[in-house]
S.K.: 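First the structure, which I've put down as structure tokens, then a few questions once you've had a look.
The basis for the numbers below is simple: all heavy atoms, side chains too, and nothing from hydrogens, waters or symmetry mates. Count residues from 1 along the sequence.
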Amino acid sequence: MSWLFGLNKGQPEVPPGLPVPPAPPAPPAGSSGGGGDKPKDKWSNFDPTGLERAAQAAKDLDNSRHAKEALDLSRMQEQSTQMEHQSKIKEYEAAVEQIKGDQIRVQAEERRKTLNEETKQHQARAHFQDKLARQRYEDQLRQQQTLNDENLRKQEESVQKQEAMRKSTIEHEMGLRHKNELLRIQAETKARAQVERENADIIREQIRLKAAEHRQTVLESIKTAGAVFGEGFRAFVSDWDKVTATVAGLTLLAVGVYSARSATGVAGRYIEARLGKPSLVRETSRFTVAEAIKHPVKMAKRLKSKPQDALEGVVLSPSLEERVRDIAIATRNTRQNHGLYRNILMYGPPGTGKTLFAKKLAMHSGMDYAIMTGGDVAPMGRDGVTAIHKVFDWAGTSRRGLLLFVDEADAFLRKRSTEKISEDLRATLNAFLYRTGEQSNKFMLVLASNQPEQFDWAINDRIDEMVNFALPGPDERERLVRLYFDKYVLEPATGGRQRMKLAQFDYGQKCSDIAKRIEGMSGREISKLGVAWQAAAYSSQDGVLTEAMIDARVDEAFKQHLQKMDWLHGDEEAQTRTLTHPLAGATAAVGQIGFTLPLSEAPEAQEVIAPVLESSTKLEGESLAPLSDIDQPAEGKSAPPAGQDCDDAVKAATEAESLVATDSEGKVTEKQDKAASPPPKDGTPV
């Protein structure tokens, strides 16, 4: 509303909505419109034209038709100005509040820092005070320890001084006492010597009287004892009732002592036969009283155990498996029906399952089993006969029936026709033949041998059935490999109780490949191969069995097997060269272990020596007729005459002596046994 007061007079009116032009500059100070001679007062600068213009403007405004709009516009401008002032005031107040908040925050931060510093100061002060307290306590402890050490040192010095004074006092007392004792002994000795010298006659008289009195007493005692004994013996002899009673009493006493000794011996032998285990039995399923007391749980489990399958864990060929199963069923039915058991011979290479099947056969049939080895009989000498009888007496006491398994039976059941067998071993063999002459319902005899051709013919007569345990075939080898792979590798690796892991590869294919590579190995060698795999895993650093480790063990085991076979074939070739005789006209063959013997065999020693003996009784140059009992060659050729020159006779005698040679241990060799007994003519296995 400045235009009301004439401030913008002479300037064009600015329409509403446009910016107001700036005001003209003010007149310079000191200038005035009236002149410079009038005095200046407070009203000198007042311009009344402004009021006039305001009045004129008010009139113009009242007369104008836009007066109301101008007033509204002016009012609105005033309101806008007030609102702007209020917003500035609010902003100022907000700024003031923000400044206050910042001051409060700064004060809080300062207070927090102050508290932290105070806390640190308090902690440092507490730590320092604690440190000072510990130092004071340690100083006190050191001072106390120093005082204690000083007191202890003073006490020790005092004790040492007292001990030294006591020792010196005791030594002085001992010295005085020793001197007093010496003086007393010297005085007593002198006095006693003087008294003895003065009373020597009296002492000698006392000794003489005591000796005479003792002699008289002894003589009277002897006379009295003799008189009493003589009277008693005279009275005893004169009374015939006493003599008879005494003799009867002594007789009864002697009879009682002898009867007690005899009864004790009989009872001991009975108890030993019933309960004790013979010395020849290496292993048995029967429990003795001592074992029953020591292992009651094991005995209870065995009593409650049920019959097992005879072929459980035994891997055989299908034909052999069928045959041994028939034997097991027949044995079990024989026991149930209380029949007579059949004796069995199991022969074949080592490690083919003979001993294992014998145990399974006994368990399947419900019988007890006992295992003895033939090598234990020969070293017993004269006691071998008694030991054999004890074994069979003990076998007869079994209520369930006993399967007596004799391993390596050819060690003492050799042919008796040889001259190199000892008399003790011959007597033991005769005792064995006597106890097995008839079939029994108490025990079943099972013999196992790698060389059945060395048996005595009487032993062969007691065998009811022969079973050949040959080496496993391809299918049996694969089954054995899988069996022992599961037992020694898979079960320990999956059980988690042992330090063993198994690498990832095709186990089934690997077992099949191994079975093809180990041709000719026995079941025992395959089981040892499984143990070798387990040992290889245990010897590794991480305990992991890899496929390369398995192959390495298989190659090593098969190489060792080939070396053993080379040794065996070398021995067979040496035996073949020894048994080959020029007079026979044919080569003698040596049967391998568990194989069928050929029809032709080396001649007996008597047949070889016979031409030599006959040549000495006939004229020189006369031909000798061939003996009828000498085997002819298979080709039908006749043997050359034995009655030639002297060199041929000597050569024949030398080769005959080689047929009866023995080994370094005194055992009969295979050459002698084959020469001593002719083989069967039908070619059946021995």
S.K.: Would you say that L402 contacts M444 through its side chain, given a criterion of any heavy-atom pair below 4.5 Å between the two side chains?
M.R.: no
S.K.: Mark yes or no for whether E525, through its side chain, and S522, through its backbone, hold a donor-acceptor pair below 3.5 Å.
M.R.: yes
S.K.: When you measure from the side chain of R323 to the backbone of S319, do you find a donor-acceptor pair of N or O atoms at a distance under 3.5 Å?
M.R.: no
S.K.: For Y434, which residues count as a ring pair (Phe, Tyr, Trp, His ring centres under 6.0 Å) partner, sequence neighbours excluded?
M.R.: none
S.K.: Counting distance only, does the side-chain N/O of S440 pair as donor-acceptor with the main-chain N or O of T436 below 3.5 Å?
M.R.: no
S.K.: Going by salt bridge (Lys or Arg N to Asp or Glu O under 4.0 Å), name the residues that satisfy it together with R435, two or more places apart in sequence or in a different chain.
M.R.: D393
S.K.: Could you check whether atom CD of E438 has more than 12 heavy atoms from other residues, nucleotides or ligands sitting under 6.0 Å from it?
M.R.: no
S.K.: Taking only residues two or more places apart in sequence or in another chain, which ones pass salt bridge (Lys or Arg N to Asp or Glu O under 4.0 Å) with R482?
M.R.: E478
S.K.: Quick one: sort the F357 and F469 rings into parallel, tilted or perpendicular, breaks at 30° and 60°.
M.R.: tilted
S.K.: Ignoring hydrogens and geometry, is there a side-chain-to-backbone donor-acceptor pair from N441 to L340 under 3.5 Å?
M.R.: no
S.K.: Can you check whether D407 reaches T355 side chain to side chain, under 4.5 Å on heavy atoms?
M.R.: yes
S.K.: Let me have the donor-acceptor pairs involving side chains of residues 514-521, under 3.5 Å, with sequence neighbours excluded, atom names and distances please.
M.R.:
unit_1, atom_1, unit_2, atom_2, d
R517, NH1, D551, OD1, 3.2
R517, NH2, D555, OD1, 2.4

S.K.: Identify, with sequence neighbours excluded, every residue that meets ring pair (Phe, Tyr, Trp, His ring centres under 6.0 Å) alongside F392.
M.R.: F432, F443
S.K.: Could you tell me if the side chain of M367 sits less than 4.5 Å from the side chain of Y341, heavy atoms only?
M.R.: yes
S.K.: Quick check against the 3.5 Å criterion: does E476 have a side-chain atom that pairs as donor or acceptor with the backbone of V315?
M.R.: no
S.K.: What I'd like to find out is whether the side chain of T352 reaches to under 4.5 Å of the side chain of L471, using heavy atoms alone.
M.R.: yes
S.K.: Less than 4.5 Å apart, side chain to side chain, heavy atoms only: is that true for L447 and D410?
M.R.: no
S.K.: Just say parallel, tilted or perpendicular for the rings of F505 and F485, cut-offs at 30° and 60°.
M.R.: perpendicular
S.K.: Do the non-hydrogen side-chain atoms of K442 and S398 ever get within less than 4.5 Å of each other?
M.R.: no
S.K.: Do R400 and R335 have side-chain heavy atoms sitting under 4.5 Å apart?
M.R.: yes
S.K.: Does R462 use its side chain to pair, donor to acceptor, with the backbone of L433 at less than 3.5 Å?
M.R.: yes
S.K.: Pairs under 3.5 angstrom only: tabulate donor-acceptor contacts from the side chains of residues 375-384 to other protein residues two or more places apart or in another chain.
M.R.:
unit_1, atom_1, unit_2, atom_2, d
D376, OD1, R282, NH2, 2.9
D376, OD2, R282, NE, 2.6
D376, OD2, R282, NH2, 3.0

S.K.: Is D456 salt-bridged to R416, going by a charged N under 4.0 Å from an acidic O?
M.R.: yes
S.K.: Got a salt bridge between K487 and E491, using NZ or NE/NH1/NH2 to carboxylate O under 4.0 Å?
M.R.: no
S.K.: Please confirm whether the backbone N or O of Y369 pairs with a side-chain atom of S285, one donor and one acceptor, at under 3.5 Å?
M.R.: yes
